Novice: 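Got a structure for you, questions after.
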Amino acid sequence: MNINATLIGQSIAFFIFVWFVMKYVWPPLIAALDERKKTIADGLAAAEKGKHEQELAEKAAEKHIKVAKDQAAEILAQAQKRATEIVEEAKGDAREEADGIKKAATAEIDQEVNRAKEHLRQQVASITIAGAEKILKREIDEKAHSDIVDDLIAQI
Amino acid sequence: MAGDSLTSGQYIKHHLQNMTYGNHPDHGWIFAHTPEEAKEMGFWAFHVDSLGWSIALALIFFFAFRKVAKNATTGVPSGFQNFVEMIVEFVNSSVRGSFSGRNDIVAPLALTIFAWVFLMNLMDLVPVDWLPMLAQQIGAAFGADPHHVYFKVVPSTDPNVTFGMALGVFWLMLYYSIKIKGVSGFFGELAFQPFGKVGMPANLVLEGVSLISKPVSLALRLFGNMYAGETIFILIALMFSAGWAVGLFGGVLQLGWAIFHILIITLQAFIFMTLTIVYLDMAHQEH
C-alpha cells in the first residue's frame, strides 16, 4: 500500500507499451480493417452494378424478343397472303386450262359428229342408191341419172 | 490458506502485502521480510509482484496482438483475429465517438489501456491463494521463509500501478494542452475562467483542483474498485477454513462474486479508457 518507485516503473512501462502498440500493433490492424472495409464496399458496389447491368440486359432481351415476335408475325402474315395468292393463281390457271381442254374437246367432238354425219350421209346415200338401184335395177341407168342421185344425196 | 498458524487478521494482512524489493536503510537492497521493513524502505522500493505481473500481462497482450497484426489478412478473418478485430473496432469507435481532434496516439493509447487494465483486473478472478502459495513454494526453494514471502497478483489493486498509468495519462494531457494551445493558452484556460481576469486566484484554485482531480480520480477509481473486490475475495477465502458447510457456502459466494466481478473488471477497464479519451479530447480543444 506504500507509494514508492513502483509508480515510476509503471509509468515508464506504460509509455513504452503505448509506444509499442502505436508503432507495431495499431497501424497494421487498422490498415487491415480499412482495407477489408474497402474490399467489402467495392464488392457491394460491383454487385449493385452487376444487378443493374442484368436489369438492363433483361430489358434489352425483352425488347429483342418483342421485335422478333413482331417480325415473325409480319412474316407469317406475308406468307399467308402469298399462299392465298398462289392458291388463287393456281385456281385461275386451272380454270383456264380446264376451259382450254374443254374447248378442244368440244371442237373434237364437233368434228367427230360432223365426220359421223358425213359418213352417215354417205352411207344413207349409198343405201338409198342401193335401194333405188334394187328398185330401179333395170329401169334406170345409173350413170344417166347420177346427177339426180347426187342431188338427192345433197338434200339428205 | 497461507499457513495454519496464521490468524484471520494475519492472513488478510499477508495477502494485502506486496513483494517489495528496495533500499533498506540498514540492510541495503533486499527483499522486504516484513511489512515494517517494506515501510522503512521509503520511496526507493519496487513492488516486484505488481510490476512483474503488469509487465508480463502487457507482454502477453502485446505479443498476442502483434501476432495478429503481422498476419492480418483482409480476407475472411478467423478465430483469434476476429476477436482482436472486434476489440480494435470497439476501441476505434469509442475514440471516434469521443475524440474530435486528430492525434494518432490516442487510439493506440486507448487500446493499450483497455486491454492492459482488463488483463490486470482479470487476475482478480484467479483464486486468491493459488499464485501466492506457488510463490511461497518457489521462495522456500530459494531459501526464504515462506511466511515472509508476500505476493499480490492483481496489479490494479496496487495504487502505484493505477497512479502510474493515470500520471502517464496526465503527462500526455499536459503535453498536448501546451502543444495545442501554447503555454499562454493553457495558462489562460486555468486562470481566466470561469470568473474572468479579475477572479484570477479563484480561477486558478478551481481549475487547478479540477485538473489535478482528473488523474487522481482516474487512479483511485480503478484502485478502489479492484482493492475492494480483492478484499472480498480474501474474506470469502477465509470461510474455506471454517468447516465444510461454511466452506461450501463460501464457494457459492466466490462463484457469485466472481461472476459479478467479470462485469466490474470490464467496466473499470472501459471507464479508464473512455475517461482517458475524454481528457485528451479536452486537452485538444481550443476555446
Side-chain angles (χ1 to χ4, degrees), chain A residues 1-70, chain B residues 16-18 20 22-23 35 38-39 41-48 50-51 54-55 58-59 61-62 65-66 68-77 81 84-85 88-89 91-92 104-105 107-109 111-113 115-116 155 158-169 171-172 227:
Chain A
M1 284 282 295
N2 314 322
I3 291 290
N4 55 27
T6 311
L7 182 79
I8 297 169
Q10 179 70 15
S11 287
I12 293 167
F14 175 72
F15 278 113
I16 290 172
F17 277 115
V18 168
W19 186 72
F20 275 0
V21 169
M22 192 173 83
K23 190 109 183 166
Y24 298 111
V25 173
W26 189 262
L29 280 173
I30 279 295
L33 284 176
D34 283 350
E35 205 173 318
R36 179 164 335 109
K37 213 179 272 173
K38 200 172 154 277
T39 311
I40 291 172
D42 287 354
L44 286 176
E48 194 62 33
K49 206 177 147 204
K51 212 171 149 193
H52 187 66
E53 269 171 11
Q54 195 201 349
E55 260 167 33
L56 283 183
E58 261 170 23
K59 258 181 206 161
E62 237 167 62
K63 213 167 153 190
H64 277 135
I65 288 172
K66 200 168 171 258
V67 168
K69 263 186 188 163
D70 286 355
Chain B
L16 294 180
Q17 178 60 39
N18 284 99
T20 314
N23 189 9
K39 207 157 242 164
M41 285 171 178
F43 185 76
W44 286 108
F46 294 95
H47 289 161
V48 180
S50 295
L51 274 179
S54 98
I55 290 170
L59 285 174
F61 150 71
F62 176 72
F65 274 54
R66 173 68 187 149
V68 171
K70 241 195 234 164
N71 305 323
T73 58
T74 52
V76 181
Q81 190 187 343
V84 167
E85 282 183 4
V88 168
E89 195 68 37
V91 171
N92 202 25
D104 285 343
I105 200 178
L109 174 75
L111 174 66
T112 312
I113 286 174
W116 201 2
D158 185 343
N160 289 300
V161 170
T162 61
F163 268 105
M165 296 180 78
L167 285 178
V169 173
W171 299 135
L172 284 174
Y227 190 77

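Each chain gets a letter, A, B and so on, in the order the sequences are listed, and its residues count up from 1. Because the structure is predicted, anything quoted here is derived from the model rather than measured.
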Novice: Restricting to non-hydrogen atoms, name the atom on B/Trp44 and the atom on A/Ala5 that form the minimum distance, rounded to 0.1 Å.
Specialist: CE3-CB, 3.8 Å
Novice: What's the separation between atom CE in B/Met41 and atom CG in A/Asn4, rounded to the nearest 0.5 Å?
Specialist: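 Here the rounded value is 9.5 Å.
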Novice: What's the separation between atom CG in A/Leu33 and atom CD in B/Glu85, rounded to the nearest 0.5 Å?
Specialist: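 A/Leu33 CG to B/Glu85 CD: 4.5 Å, rounded to 0.5 Å.
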Novice: Under 4.5 Å, counting heavy-atom pairs only, tell me which of A/Ile30, A/Val18, A/Ile16, A/Thr39 racks up the most with chain B.
Specialist: A/Val18
Novice: From the options A/Phe20, A/Trp26, A/Trp19, select the one residue that forms a ring-ring contact (aromatic ring centres under 6.0 Å, His included) with B/Phe62.
Specialist: A/Phe20
Novice: When you measure from the side chain of A/Thr6 to the backbone N and O of B/Asn160, does any donor-acceptor pair fall under 3.5 Å?
Specialist: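 Between the backbone of B/Asn160 and the side chain of A/Thr6 there is no qualifying donor-acceptor contact (under 3.5 Å).
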Novice: Check A/Leu7 against B/Gly164 and note the closest heavy-atom contact, atom names and distance.
Specialist: CD1-N, 3.4 Å
Novice: Side chain, backbone, both or neither: which part of A/Ile8 has a heavy atom under 4.5 Å from chain B?
Specialist: side chain
Novice: Between A/Gln10 and B/Ser50, does any side-chain donor sit less than 3.5 Å from a side-chain acceptor?
Specialist: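 There is no such pair (donor and acceptor under 3.5 Å, judged by atom type) between the side chains of A/Gln10 and B/Ser50.
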Novice: Taking all non-hydrogen atoms of both residues, which atom of B/Pro159 and which atom of A/Ile3 are closest, and how far apart?
Specialist: CB-CD1, 4.3 Å
Novice: Please tell me if the side chains of A/Phe14 and B/Val169 come closer than 4.5 Å, counting only heavy atoms from C-beta onward.
Specialist: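 In short, these two side chains touch, coming nearer than 4.5 Å.
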Novice: So which of B/Leu59, B/Val91, B/Thr162 has the biggest tally of heavy-atom pairs under 4.5 Å with chain A?
Specialist: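 Highest number of pairs under 4.5 Å: B/Leu59.
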Novice: Does any part of the side chain of B/Phe65, heavy atoms only, come nearer than 4.5 Å to the side chain of A/Val21, both counted from C-beta?
Specialist: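 Not in contact.
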Novice: Which answer fits B/Ala166, side chain, backbone, both or neither, if we ask what part of it has an atom under 4.5 Å from a heavy atom of chain A?
Specialist: neither
Novice: Is the closest side-chain heavy-atom distance between B/Pro108 and A/Lys23 below 4.5 Å?
Specialist: no
Novice: Can you tell me how far CH2 of B/Trp171 sits from OG of A/Ser11, rounded to the nearest 0.5 angstrom?
Specialist: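 If I round to the nearest 0.5 Å, the distance is 8.5 Å.
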Novice: Counting C-beta onward and ignoring hydrogens, is there a side-chain heavy-atom pair between B/Leu109 and A/Met22 closer than 4.5 Å?
Specialist: no
Novice: Is A/Lys37 in contact with chain B via its backbone, its side chain, both, or neither, using a 4.5 Å heavy-atom distance?
Specialist: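 Answer is side chain: those atoms of A/Lys37 sit under 4.5 Å from chain B.
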Novice: Which atom pair, heavy atoms only, marks the closest approach of A/Val25 to B/Ala69?
Specialist: O-CB, 3.7 Å
Novice: Would you indicate whether A/Asp34, at its atom CG, is surrounded by more than 12 heavy atoms from other residues, nucleotides or ligands within a distance under 6.0 Å?
Specialist: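 Correct, the count exceeds 12.
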Novice: Taking B/Pro155, B/Gly168, B/Ala115, B/Ala45 one by one, which has the highest count of heavy-atom pairs under 4.5 Å against chain A?
Specialist: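 The residue among B/Pro155, B/Gly168, B/Ala115, B/Ala45 with the greatest pair count is B/Ala45.
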